[in-house]
Asker: 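Shown below is the structure under consideration.
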2 protein chains.
Amino acid sequence: MPTHFKGDPKTVLALDTFIKFTRAASALENRLAHHNVLGDLTMTQFGVLETLYHLGPLCQGAISSKLLKSTGNITLVLDNLERHGLVRRERDAQDRRMVNLSLTPKGEELIARIFPLQAAIIAEELAVLEPAEQELLGRLCKKLGLGKQADPAVNRTLSSSEEPH
Amino acid sequence: MPTHFKGDPKTVLALDTFIKFTRAASALENRLAHHNVLGDLTMTQFGVLETLYHLGPLCQGAISSKLLKSTGNITLVLDNLERHGLVRRERDAQDRRMVNLSLTPKGEELIARIFPLQAAIIAEELAVLEPAEQELLGRLCKKLGLGKQADPAVNRTLSSSEEPH
DNA sequence: CGATATTATTTCGATATCAAATGATTTGAT
DNA sequence: ATCAAATCATTTGATATCGAAATAATATCG
C-alpha cells in the first residue's frame, strides 16, 4: 500500500494517485535540472525566454499568467534576466501601466540554441512511455489540470496558460 | 498544436505531453494551496509532519531523501517547524552525526487534525477522473517517475521516496 | 468633469530551494 | 592506534515563490 491512510477506498485511491503524480513531477523536474542544458538559467527564466521566443513580445501580466506564477515573482525573475542582458523592458506608449517584454539579440541567440537541446532531453525522458501512453497521459493530465471547470483553455507553448490561478 | 516546436514527431509528442503534465501539476498545486486547509503550514512543512506521523521518528537525511529535497533545505524547514513547537530535534546518542526527529504533542495533534482534511480535498480534486482513470494515471506516473532505472522504489507516505535525487 | 473602480507592476517579508563549502563524527584500512 | 574517507548536518549565497500592501496609470460612470 503506497499510503498509510485508513479511510474509504475512494480517498485511498485518490491519495495513491496523487502521490505517484506528485512524485513523478518532482523526479522529472530534478532529472531535467541535472542535465545541465540550461546552464545558469533557472526553469522559470527558461520559461520566460521560451515564451517570448515562441509568442513574441508580451507584457508582464501575460507572462505571469502563462507561467502560473505571481506577478511579484515575475518582476524578480525579469530583474535577473534583464541584468544578464537577455530581456528588454519597455513601458508601453499607449497604456503606460504596462511593460512590454522582448528578447535581446543575446537572449534570442541563447534560447534558440538551448531550446532544441532541452526538447531533446524531454523527449529522452518521456521515452520510457510508448507514444500511445504519452498521448493517454497527456489526456488525463489535461483533464486533471482543468479540474471542475468547463472552459477549455488552449496551451500554446512549453509552459503557457490561459487558466485562472 | 500545443507547442510551436517544429521537429520530429516523437519530440513534438513528448513536448506536448510534458506541457500537459507540468501544467497539471502546477494547476493542482495552486488549487490545493487555495483550499487553505494547511493554515500557515507550507507544503514541505506539511510533508515533513505527515512523514513523521506515518513513519515515526526519522533523521534529517531520511526526511530529505523521502521528500526529494536537499538537506540544506530540510534544515531550514525544520528550523521553522521547531520554532513553532511542532517538531523535536535530538542528537542520536549512538551516532552523534545524526539528529532524530519526532513530532511534539502539538505537532501530532495538528497533523492528525489536518491530514484527513487534506486527503478529502485531494480526493475531491482527483474526482474529475474516474477510478479507472486514476489507476491508469498512477501507473503512467510511476513509470515516468522511475525513469530509465530498474530499481523499484516503494512509496509509503504522501510524499515518500527511496529514489536517487 | 471628477470620484471610483480596475488593471499593471513593484515592494516587502517570510519561506523555500539548491549547490557548494564547512564542521563534526564515524568507519575503515592499514 | 591512527589517519583517510565517508557520512550527516549546518551554513552561506543566490534565486524563487507567494500573498498582501503600495503605487501608478487608465477606464468608467454618474
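Chain A is the first sequence line, chain B the second, and so forth, proteins listed ahead of strands; every chain is numbered from 1.
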Asker: A/Leu78 has an atom CG; how far is it from atom P of D/dT17, in whole Å?
Answerer: 12 Å
Asker: Taking for each residue the nucleotide of DNA chain D with the nearest heavy atom, is it A/Arg96 or B/Ile74 whose nucleotide lies nearer the 5' end?
Answerer: B/Ile74
Asker: Return no unless some side-chain N or O of B/His34 is found under 4.0 Å from OP1 or OP2 of D/dG19.
Answerer: yes
Asker: Ring-plane angle category for B/Phe115 and B/Phe46, please: parallel below 30°, perpendicular beyond 60°, tilted otherwise.
Answerer: parallel
Asker: Could you go over nucleotides 12-15 of chain D and give all protein N or O partners under 3.5 Å, atom names and distances?
Answerer:
none

Asker: Is the distance from OP1 or OP2 of C/dT10 to the nearest side-chain N or O of A/Gln60 less than 4.0 Å?
Answerer: yes
Asker: Does B/Thr44 make a side-chain N or O approach to OP1 or OP2 of C/dT15 shorter than 4.0 Å?
Answerer: no
Asker: Only pairs under 3.5 Å count here: list side-chain donor-acceptor contacts from residues 86-93 of chain A, not counting sequence neighbours, and write none if there are none.
Answerer:
from    : atom 1 : to       : atom 2 : distance (Å)
A/Arg88 : NH2    : A/Leu103 : O      : 3.3
A/Arg89 : NE     : A/Glu82  : OE1    : 3.1
A/Arg89 : NH1    : A/Gln60  : OE1    : 2.9
A/Arg89 : NH2    : A/Asp79  : OD1    : 2.1
A/Arg89 : NH2    : A/Glu82  : OE1    : 3.3
A/Arg91 : NH1    : A/Arg96  : O      : 2.9
A/Arg91 : NH1    : A/Arg97  : O      : 2.9
A/Asp92 : OD1    : A/Gln94  : N      : 2.7
A/Asp92 : OD1    : A/Asp95  : N      : 2.9

Asker: Please compare B/Met43 and A/Ala33 by the position of their nearest nucleotide in DNA chain C and report the one closer to 5'.
Answerer: B/Met43
Asker: Is there side-chain contact between B/Phe18 and A/Leu28, with heavy atoms separated by less than 4.5 Å?
Answerer: yes
Asker: Going by an N to O cut-off under 4.0 Å, is there a salt bridge joining A/Arg113 and A/Glu109?
Answerer: yes
Asker: Give none if C/dT30 has no partner; otherwise give the nucleotide forming a Watson-Crick or G-U wobble pair with it, both distances under 3.5 Å.
Answerer: D/dA1
Asker: Just by distance, no angles: are the side chains of B/Asp8 and B/Thr11 close enough, under 3.5 Å, to form a donor-acceptor pair?
Answerer: yes
Asker: In whole angstrom, what separates B/Asn30's CG from D/dC18's P?
Answerer: 7 Å
Asker: Between B/Arg89 (CZ) and D/dC8 (P), how many Å, whole number?
Answerer: 16 Å
Asker: To the nearest Å, how far apart are B/Glu29 CD and D/dG19 P?
Answerer: 11 Å
Asker: For nucleotides 2-7 of chain D, read 5' to 3', which letter fits each nucleotide if B means a protein heavy atom sits under 4.0 Å from the base, S means only the sugar-phosphate is that close, and - means neither?
Answerer: ----BB
Asker: Once rounded to the nearest 0.5 Å, what's the spacing between atom OG1 of A/Thr51 and atom CG of A/Leu67?
Answerer: 4.5 Å
Asker: Rounded to whole angstroms, how far apart are NZ on B/Lys69 and C1' on D/dA9?
Answerer: 19 Å
Asker: Can you tell me if A/Asn73 touches the phosphate of D/dA16, counting only side-chain N or O atoms and a distance under 4.0 Å to OP1 or OP2?
Answerer: no
Asker: Please report the distance, rounded to the nearest Å, between CG in A/Asp92 and C1' in D/dT26.
Answerer: 12 Å
Asker: Starting at atom CG of A/Leu32, determine the distance to atom P of C/dT17, rounded to an integer number of angstrom.
Answerer: 18 Å
Asker: Would you kindly say whether B/His35 and B/Glu125 are connected by a side-chain donor-acceptor distance under 3.5 Å?
Answerer: yes
Asker: Which nucleotide sits closest to the side chain of B/Thr71: D/dT26, D/dT10, C/dT9?
Answerer: D/dT10
Asker: Do B/His84 and B/Asp40 touch side chain to side chain, with heavy atoms closer than 4.5 Å?
Answerer: no
Asker: Work out which heavy atom in A/Leu81 is nearest to a heavy atom in A/Leu41; give both atom names and the distance.
Answerer: CD2-CD2, 4.2 Å
Asker: Just so I know, are the side chains of A/Thr42 and A/Asn80 near enough to count as touching, which here means a heavy-atom distance under 4.5 Å?
Answerer: no
Asker: Between A/Leu67 (CG) and D/dA16 (P), how many Å, whole number?
Answerer: 12 Å
Asker: What nucleic acid atoms does B/Gln94 come within less than 4.0 Å of, heavy atoms only: base, sugar-phosphate, or nothing?
Answerer: sugar-phosphate
